[in-house]
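Keep in mind that the numbers below use all heavy atoms, side chains included, and drop hydrogens, waters and symmetry copies.
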Amino acid sequence: MSQFAFKVRQIAQRMWFLPAAFSLVAVLTLLIAFGMARLIPDGLPFTLSSEAVESILTVLASSLLTVAVFALSTIVSALSSASQQTTPRAVPLIVGDRSAQTSISVFIGAFLFSIVGIIGLSAGIYSEAGRLLLFVVTLAVVVLVVAALIRWIGQISAIGRVAATLDRAGEAAERAFRTVPGKGLLGCRELSGEPSGDPIYSRKTGYVQHIDIGRLQDCADEQELLITITSRPGAYAAPDRPLVMVAGAVDEALADKLAGAFTIGATRTFDSDPRFGLIVLSEIAGKALSPGINDPGTAIAVVGTIVRVLTERPEEDSELKYERVLVAGLDPDDLMADAFRPIARDGAGSIEVMLRMIAGLKTLARCRPELEGAAKGMIVDAVERGLTAMSAKSDQAALKAAGKLV
């Protein structure tokens, strides 16, 4: 994905984008109806008065404003609930929920359609044919609004709930692993050993959100360079931390161009950063295991989600797209630490959580050979933490028995 496409995708996920798009479509619909009315001759056998159409539009305008405000207040409450009960890092998943955005967009777009239609009728710009077309379009808008209301009734029962937020976090992690399958080489050559070359440092401070690897490959082809990516998406970037190591001659202009291939932002994103998805899932479990909430069932559900995501993640994409760009693969130890270490720390005193986590780690060790060593190491770490935190001998015995490695 190019840097431009990534930025467009980020804009499309903003809360305001769909409402603005639907509002634009509503205004364009009225303009199209006005233009098409000129192609239809007057003196139709069936006509409508301005008052008849305007009364329908007035009902829509007055009711949809209230509905839109209610829907937005529901979203705000859901964001607050998700931040308090799960993790603030899960809030973008709710903001970017297309189903909720679509419903709100229909309400706001239909409201604007009604307002502009009323203004047009009051100004007398619609002929008899124009009023008939406007009436037909209004009926279609009513159907869309009713469908959106029915869909919204089903959404408000789940939006912001812990289970729904957990599902969305799991889906985000799955999408990230589909984008970055297998070792996560991003279509580049795999780096073996230590990177070599001259470092190119970040011009900004923040997190790497996206890398335009196509731009790096083009620069490498033009200047006959060999580029090694040292900061993957999700890595912390700063002026003293290299983004890439370049083998070859690099001037200041080329260095700026290479650094510009990295999109640096204030927060991490889910798109090309599967580790961030695992971190968010583990944070949900950590919040559930806090003394104020004390919900081990949610932590157990998180473990099941993490195990499913890691077990079903796609195999390596064998296609090599960027021959002059190297990158190190995802470290299995990092994946295990991101996913399970916080749960082992916060749930060390809960035998139910520890047993379920150890069972999940054994599943990963058996089903994913590349994770076997890291999974077994995490089992040893979990048993050690559990034995330190648990005082009941029966719990310690059960934990030792579960932690035995074959």
Side-chain angles (χ1 to χ4, degrees), residues 11-37 40 44 46-82 91-161 164-165 168:
I11 293 175
Q13 292 176 345
R14 300 288 177 84
M15 192 69 186
W16 56 265
F17 178 78
L18 271 184
F22 272 68
S23 300
L24 178 62
V25 170
V27 175
L28 290 177
T29 301
L30 289 170
L31 295 176
I32 292 172
F34 175 74
M36 289 182 62
I40 303 176
L44 297 174
F46 175 73
T47 60
L48 289 169
S49 63
S50 297
E51 292 76 13
V53 181
E54 186 175 351
S55 61
I56 300 175
L57 293 174
T58 301
V59 171
L60 281 176
S62 59
S63 59
L64 287 178
L65 179 60
T66 304
V67 172
V69 172
F70 170 74
L72 289 172
S73 65
T74 303
I75 290 291
V76 172
S77 299
L79 297 178
S80 177
S81 175
V91 168
L93 299 175
I94 300 176
V95 173
D97 181 19
R98 283 296 186 187
S99 58
Q101 287 184 3
T102 301
S103 297
I104 296 176
S105 301
V106 170
F107 300 148
I108 297 177
F111 168 74
L112 185 60
F113 170 86
S114 304
I115 292 296
V116 176
I118 292 173
I119 294 174
L121 289 172
S122 301
I125 65 174
Y126 285 101
S127 62
E128 291 183 358
R131 289 196 299 271
L132 182 59
L133 282 175
L134 181 60
F135 176 73
V136 173
V137 175
T138 302
L139 292 181
V141 170
V142 170
V143 173
L144 288 175
V145 169
V146 171
L149 282 172
I150 295 174
R151 184 170 60 247
W152 182 250
I153 291 173
Q155 292 169 347
I156 59 176
S157 61
I159 190 169
R161 304 294 189 269
T165 306
R168 285 185 171 80

Worksheet item: Among Ile108, Thr138, Leu144, Val145, whose side-chain contact (heavy atoms from CB on, under 4.5 Å) with Phe113 holds?
Response: Thr138
Discussion item. For a 4.5 angstrom cut-off between non-hydrogen side-chain atoms, does Thr74 reach Trp152?
Written reply: yes
Worksheet, complete the sentence: Applying side-chain contact (heavy atoms from CB on, under 4.5 Å) to Val146 and not counting sequence neighbours gives Val142, Ile150
Worksheet item: How many angstroms lie between OG1 in Thr165 and CG in Leu93, if you round to the nearest 0.5 Å?
Response: 8.0 Å
For residues 55-67, which side-chain donor-acceptor pairs fall under 3.5 Å, sequence neighbours excluded?
| residue | atom | partner | partner atom | Å |
| --- | --- | --- | --- | --- |
| Ser55 | OG | Glu51 | O | 3.3 |
| Ser55 | OG | Ala52 | O | 2.7 |
| Thr58 | OG1 | Glu54 | O | 2.7 |
| Ser62 | OG | Thr58 | O | 3.1 |
| Ser62 | OG | Val59 | O | 3.1 |
| Ser63 | OG | Val59 | O | 2.8 |
| Ser63 | OG | Leu60 | O | 3.3 |

Item to complete: Applying side-chain hydrogen bond (donor to acceptor under 3.5 Å, both in side chains), name anything that partners Ser80, two or more places apart in sequence or on another chain.
Response: Gln84
Donor-acceptor contacts, no H, no angles, side chain residues 114-125, under 3.5 Å, sequence neighbours left out:
| residue | atom | partner | partner atom | Å |
| --- | --- | --- | --- | --- |
| Ser114 | OG | Ala110 | O | 2.9 |
| Ser122 | OG | Ile118 | O | 2.9 |

